[in-house]
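Here's the structure we're looking at; comments come further down.
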4 protein chains.
Amino acid sequence: MAGSTYGTLFSITTWGESHGPALGVVIDGCPAGLPLSEADIQKYLDRRKPGQSKYTTKRAESDRAVILSGVFEGRTTGTPISIMIQNADQRSKDYGKIKDCYRPGHADYTFDAKYGFRDYRGGGRSSGRETIGRTAAGAVAARLLSELGVEVTAYTKAIGDICIPSSEYHYNEIMENSLYMPNNAYAAKASEYLEDCIKKLDSSGGIIECVITGIPAGVGEPVFKKLDASLAEAVMSIGAVKGVEIGAGFQAAKASGSTNNDAFGVDGGKVFKETNHSGGILGGISDGSPVILRAAIKPTPSIAKEQKTITSSLENTAISITGRHDPVIVPRAVVVVEAMAALTVLDLMMVNMSTRLSSLKEFYKE
Amino acid sequence: MAGSTYGTLFSITTWGESHGPALGVVIDGCPAGLPLSEADIQKYLDRRKPGQSKYTTKRAESDRAVILSGVFEGRTTGTPISIMIQNADQRSKDYGKIKDCYRPGHADYTFDAKYGFRDYRGGGRSSGRETIGRTAAGAVAARLLSELGVEVTAYTKAIGDICIPSSEYHYNEIMENSLYMPNNAYAAKASEYLEDCIKKLDSSGGIIECVITGIPAGVGEPVFKKLDASLAEAVMSIGAVKGVEIGAGFQAAKASGSTNNDAFGVDGGKVFKETNHSGGILGGISDGSPVILRAAIKPTPSIAKEQKTITSSLENTAISITGRHDPVIVPRAVVVVEAMAALTVLDLMMVNMSTRLSSLKEFYKE
Amino acid sequence: MAGSTYGTLFSITTWGESHGPALGVVIDGCPAGLPLSEADIQKYLDRRKPGQSKYTTKRAESDRAVILSGVFEGRTTGTPISIMIQNADQRSKDYGKIKDCYRPGHADYTFDAKYGFRDYRGGGRSSGRETIGRTAAGAVAARLLSELGVEVTAYTKAIGDICIPSSEYHYNEIMENSLYMPNNAYAAKASEYLEDCIKKLDSSGGIIECVITGIPAGVGEPVFKKLDASLAEAVMSIGAVKGVEIGAGFQAAKASGSTNNDAFGVDGGKVFKETNHSGGILGGISDGSPVILRAAIKPTPSIAKEQKTITSSLENTAISITGRHDPVIVPRAVVVVEAMAALTVLDLMMVNMSTRLSSLKEFYKE
Amino acid sequence: MAGSTYGTLFSITTWGESHGPALGVVIDGCPAGLPLSEADIQKYLDRRKPGQSKYTTKRAESDRAVILSGVFEGRTTGTPISIMIQNADQRSKDYGKIKDCYRPGHADYTFDAKYGFRDYRGGGRSSGRETIGRTAAGAVAARLLSELGVEVTAYTKAIGDICIPSSEYHYNEIMENSLYMPNNAYAAKASEYLEDCIKKLDSSGGIIECVITGIPAGVGEPVFKKLDASLAEAVMSIGAVKGVEIGAGFQAAKASGSTNNDAFGVDGGKVFKETNHSGGILGGISDGSPVILRAAIKPTPSIAKEQKTITSSLENTAISITGRHDPVIVPRAVVVVEAMAALTVLDLMMVNMSTRLSSLKEFYKE
């Protein structure tokens with residue numbers, strides 16, 4: 001399958017460039033009967049929209065989602081849902097220099113190497129604006145998951161070295177600060193750090209964590225379509241992500257079996273785990289505990305500081321990237337991680353429905 | 001697609017349980033004309049075979065690969081290559097307890113939750129023996145990649161806290177110690193640590209690193225089939241992997257743009273990068289530098305130490321897992337990581353061939 | 001994969017309902033560097049547009065294609081090409097009766113059975129207007145194929161009993177009559193027959209034939225992705241098609257081996273076949289001769305004549321379908337068959353590029 | 001996906017050549033809990049086995065199915081089912097001439113054109129023996145479908161010109177004659193015709209019909225994965241099939257809407273159709289009536305009569321194909337059509353389970 005389609009039964013195809021007329025997504029396989037409005041989608045888009053805080057770009061996009069098909073009288077019909085977002089603000093002056101220059105840390109060079117040329121305007125297809133389509137689709141998936149009791153919540157765990165220990169999470173504060181951190185005090189410290197980055201004409205990376213509750217045990221396909229493998233692909237496919245871990249993640253590499261294993265217990269007929277180092281997944285299948293993943297986000301590659309680079313005619317040069325650029329991608333990527341997680345979990349929950357002969361018999365009984 | 005198939009053009013389907021009559025893999029889409037023998041595959045299987053050192057299980061598997069189709073007069077024909085490995089050693093006494101008990105850190109519970117019952121013998125399909133099929137297929141992919149100048153090399157970077165800094169790598173030593181570490185002195189230290197784990201009836205995790213050289217710039221599909229996203233899925237689909245990172249990985253989260261960006265330069269008409277924090281991938285597309293990934297491997301969940309758990313009839317109990325179990329999975333997983341990386345890179349290199357109209361014209365010209 | 005996506009490397013996803021705001025298609029995997037304009041697409045859409053002749057509906061659609069992404073400075077970039085066609089004419093009064101009634105020969109009943117409800121306006125997703133997206137994508141595929149010397153030509157072979165024998169084909173006349181028949185005299189007879197159908201408040205079926213020249217030998221994947229199997233799926237997926245045959249087709253069932261086999265010969269170093277009963281395909285792979293397929297199109301199910309049927313509340317009733325309906329679907333479906341054939345052939349030509357190791361070596365040599 | 005895998009959720013991958021050590025199939029995604037034995041599979045293989053009657057080859061294959069994985073204690077586990085059939089009889093003397101010659105009507109030439117060389121022994125992968133894997137997998141699908149009340153029945157409708165009108169079908173006679181015709185008298189006539197073919201060193205084609213009962217309304221995905229489109233692909237992928245039609249098929253091309261439409265009626269709360277020209281499918285979705293398809297089978301291309309052809313070094317020559325060859329493929333292909341139909345219907349029935357939100361809620365409710 002070509003690279004812009006994701007998912008087996010709940011399948012999405014995104015399209016659009018940063019400075020083309022519009023971007024969008026087609027969702028194919030959305031179950032029929034889901035109440036859905038443009039407002040449901042807009043809530044998600046607004047969370048990744050630029051201009052939310054002083055750490056995000058000033059570009060004045062309205063990013064307004066329009067549903068073009070697949071919804072009739074307020075409910076999904078089961079046919080493809082096409083969602084379009086027009087590009088309102090296309091300042092042409094911005095991309096003079098990047099037309100002939102390969103920006104370090106960007107995909108300018110690799111797109112040229114692959115395709116022979118590229119739409120250089122604002123990064124074209126490799127722009128962060130590509131994530132609009134996924135986010136819109138993720139909003140639909142999350143809306144549906146919530147009908148099944150599954151909730152997906154992502155937040156900023158770390159900006160640079162400012163990392164919130166899980167013991168200090170206050171989930172109610174996530175929406176109270178513009179960095180989407182579950183602790184306002186840490187968010188304040190991170191803001192100071194970002195101010196400093198801006199002064200230094202530099203940028204910062206960070207870590208996003210995502211928790212998914214309500215997935216029953218049994219979701220995920222053994223071997224290649226494991227729940228964790230699928231989540232890793234989904235989240236690593238977001239532009240700036242350089243690492244993904246599940247549960248204890250890289251800490252598990254230093255652990256011993258006796259501390260890393262999660263003991264099972266039964267209480268009142270309910271199975272539980274005493275700890276959750278597995279991050280809710282055993283053998284690639286959900287174990288009924290919350291699924292926990294973390295994504296490492298690299299610093300914004302577009303910085304005002306001068307950097308060495310080359311031109312497209314292969315001459316050495318230097319570049320200072322001015323214009324509208326976030327000193328940190330993390331806060332705007334939070335909702336994108338949430339979207340990709342929602343899409344992945346929903347698709348695997350749908351695939352899981354035909355796992356047992358007894359389920360087929362139940363479904364097709366008269 | 002059901003979960004045991006991987007790849008778009010170079011596609012593999014694995015099958016088999018730990019204690020069934022055999023395991024195997026079908027490779028579909030292997031290009032015609034590749035010289036291939038069972039010995040090419042056996043070399044890879046021997047690296048994951050148990051009984052290689054005292055830190056791996058004593059199970060006396062011969063793990064002998066037999067090619068049943070797709071090779072004629074020593075060359076691949078382009079048709080499916082079926083490879084079978086018979087299970088020689090099936091000691092039935094081993095799985096008395098695990099039949100009725102859910103081992104912590106294993107997939108016993110989740111398989112029952114998903115399918116309603118399971119082949120409990122030695123873990124069945126969720127056993128580490130499942131990786132035999134991938135490894136055999138990876139051997140074929142690696143054999144083909146070497147014809148294209150692409151080399152995939154994995155090794156043990158860390159066992160528990162014993163982690164080799166990249167400045168101390170001696171690649172020539174990888175095959176000189178039974179832990180596949182690129183530094184014999186660190187390997188000796190890691191061996192001591194593992195001895196201690198065994199004494200404590202416990203186990204250890206570790207980190208595997210994989211370097212792929214020779215991939216030209218341009219491989220990987222933007223958006224969902226990025227090279228890094230595909231590698232993340234591939235590697236995370238290996239049973240014990242809990243995290244995957246590319247290039248600087250989680251370190252990038254703490255970095256600033258000015259230090260994390262890799263400056264481009266040109267020398268003698270050749271493009272180079274001054275550093276390789278990107279791990280050879282920009283925007284999901286190879287940039288011509290070596291591709292670098294790391295995988296976090298959890299400690300062997302089967303430990304002799306007693307652990308709390310539950311029975312399949314949901315009663316609290318305890319379990320001590322005796323029998324043949326590695327105190328560390330890492331060394332045997334090295335070749336599996338290499339295999340999954342090879343499969344991923346080859347598939348995307350094949351997909352990349354139809355990227356430009358000029359390539360189609362060249363291919364189909366008379 | 002959900003049902004609205006087609007193709008492996010050259011992959012399309014269509015969306016849209018008959019009376020929604022718009023319909024469209026996203027093409028993913030189109031090779032970079034193809035000169036492409038909206039006019040290239042419009043030419044195809046105009047051939048399936050209603051109102052072309054008195055035998056096609058009077059609905060005044062402009063059916064104007066707009067390219068929203070994937071084309072930069074007149075050439076495809078290799079990224080998804082999104083094409084949208086707005087629904088200009090949405091006469092709401094038309095669908096009063098069909099809201100509560102299941103039209104015979106239509107998908108009203110089966111959509112309700114599947115999804116629980118449906119967008120009943122003009123047939124919704126099951127309307128013939130769904131083919132707009134495929135046709136637009138097929139225009140792009142055909143444009144690209146012509147760069148490779150491959151030409152796809154479809155035409156009306158039969159309307160009802162009026163069937164043109166291949167010995168009387170005049171290809172130059174296809175565009176000279178509104179039925180797209182390769183013989184103006186037969187077209188005149190067919191027109192008379194259709195006049196009669198209209199008078200009888202009835203409709204007619206027919207046969208479309210498609211010839212594809214210029215495909216080199218070797219295209220198509222053995223076993224399930226045979227060229228003929230893929231063409232059969234592609235063409236049978238067009239709403240009104242009830243049969244597909246290749247080469248001699250159903251006549252082969254009555255033939256003997258000695259007459260049905262095509263003798264090979266060599267002349268001036270060129271391989272040829274004395275006949276082409278195989279329709280250009282042997283063992284699912286193109287043999288270098290023209291590929292020939294035929295599709296049986298059922299009569300338009302919407303007829304003015306009264307028919308017995310049921311309501312959605314399962315009561316017996318009768319229906320006369322008035323309004324804008326073609327007495328024959330065939331002429332408008334000609335370009336849709338052409339589009340589906342082009343999409344299928346191009347995709348398999350792209351897949352075919354990685355068949356041999358020598359091709360990979362040639363592509364990736366330095 | 002490479003060409004030897006078929007199906008989305010119930011997915012099969014076949015492998016093996018005519019004269020290699022073995023052939024087989026891997027079924028991935030079979031629901032857990034299906035009682036399954038090798039005898040269930042053997043029943044199907046025996047129906048396509050050579051040597052059943054004097055019109056099928058004398059090759060003494062035992063064609064014995066062995067299950068290597070995915071079944072535990074007599075029930076499917078949900079993991080891949082690997083089935084292997086060893087090639088017992090490999091008479092090497094048979095393929096002297098076909099090594100250097102392209103047999104008319106065979107895939108020798110196209111395999112060479114595609115891959116550069118081929119396993120010429122007995123046709124290699126393009127041999128009719130390739131269908132063993134599909135047939136074995138189809139047996140499992142049919143076994144499962146019967147648990148859901150779906151029955152798939154194929155039979156020979158015509159041999160050459162001897163065609164049984166549907167009014168003269170006696171289904172109970174299908175297994176009473178070696179041609180699998182639903183009328184022993186027609187079978188006797190067809191036998192005489194085949195005797196004549198043999199005397200003339202020639203062969204015959206025919207038509208296979210397949211009826212599937214018990215599919216509830218609602219199965220099949222609109223647009224590209226229509227039930228009829230999928231059946232057409234599945235059946236056309238069988239080597240000798242040159243045409244596929246559904247319901248009225250090519251007769252619909254000559255019909256008028258008023259006669260071809262099937263009137264709906266309600267009786268005792270049950271929906272019925274007065275006729276079944278649709279062949280049980282409307283808009284690509286099952287309508288609750290029996291699904292009916294027909295496949296045109298070409299005459300066996302291997303005939304003893306001398307034919308003109310070319311050598312692989314491109315010189316004109318002639319060939320008489322002696323040895324073990326059926327004068328008609330049809331009877332042995334009957335079970336293969338049944339297998340492909342079963343695989344297709346089951347896969348789409350599984351995909352259909354996640355069509356409605358209410359089904360997801362029902363499945364995942366606590």
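Residue numbering restarts at 1 for every chain, and letters A, B, ... go by the order of the sequence lines.
Only the backbone of B:Thr300 comes within less than 4.5 Å of a heavy atom of chain A; no side-chain atom from C-beta onward does. For B:Arg103, the part lying near chain A is the backbone, with the side chain staying farther off; criterion is any non-hydrogen pair under 4.5 Å. Of the two parts of B:Asp112, only the backbone, made up of N, CA, C and O, holds a non-hydrogen atom closer than 4.5 Å to a non-hydrogen atom of chain A. Interface remark: A:Glu306 contributes no atoms to any contact with chain B (heavy atom separation under 4.5 Å). Heavy atoms closer than 4.5 Å to chain A are found in the backbone of B:Ser286, but not in its side chain.
Looking at residues two or more places apart in sequence or on another chain, you find a salt bridge (charged side-chain N to carboxylate O under 4.0 Å, His left out) between B:Lys114 and A:Glu221. In terms of the ring-ring contact (aromatic ring centres under 6.0 Å, His included) criterion, residue partners of A:Tyr109 (sequence neighbours excluded) are, by chain and number, A:Tyr102, B:Phe264.
No donor-acceptor distance shorter than 3.5 angstrom exists from the side chain of B:Ser258 to the backbone of A:Asp202, with no hydrogens or angles considered. Judged purely by atom type and a 3.5 angstrom limit, B:Asp287 has no side-chain atom pairing as donor or acceptor with the backbone of A:Thr110.
Between B:Phe224 and A:Met340, the closest side-chain pair of non-hydrogen atoms falls below 4.5 Å. Taking 4.5 Å as the limit, every side-chain heavy atom of B:Asn260 sits out of range of all side-chain heavy atoms of A:Lys242.
In this structure, B:Glu233 does not pair ionically with A:Lys226, as no charged nitrogen and carboxylate oxygen lie closer than 4.0 Å.
Chain B forms the most heavy-atom pairs under 4.5 Å with one residue out of A:Gly133, A:Pro222, A:Gly105, A:Ala217, and that residue is A:Pro222.
Here the closest non-hydrogen pair linking A:Gly249 and B:Ala296 is O-CB, 3.8 Å.
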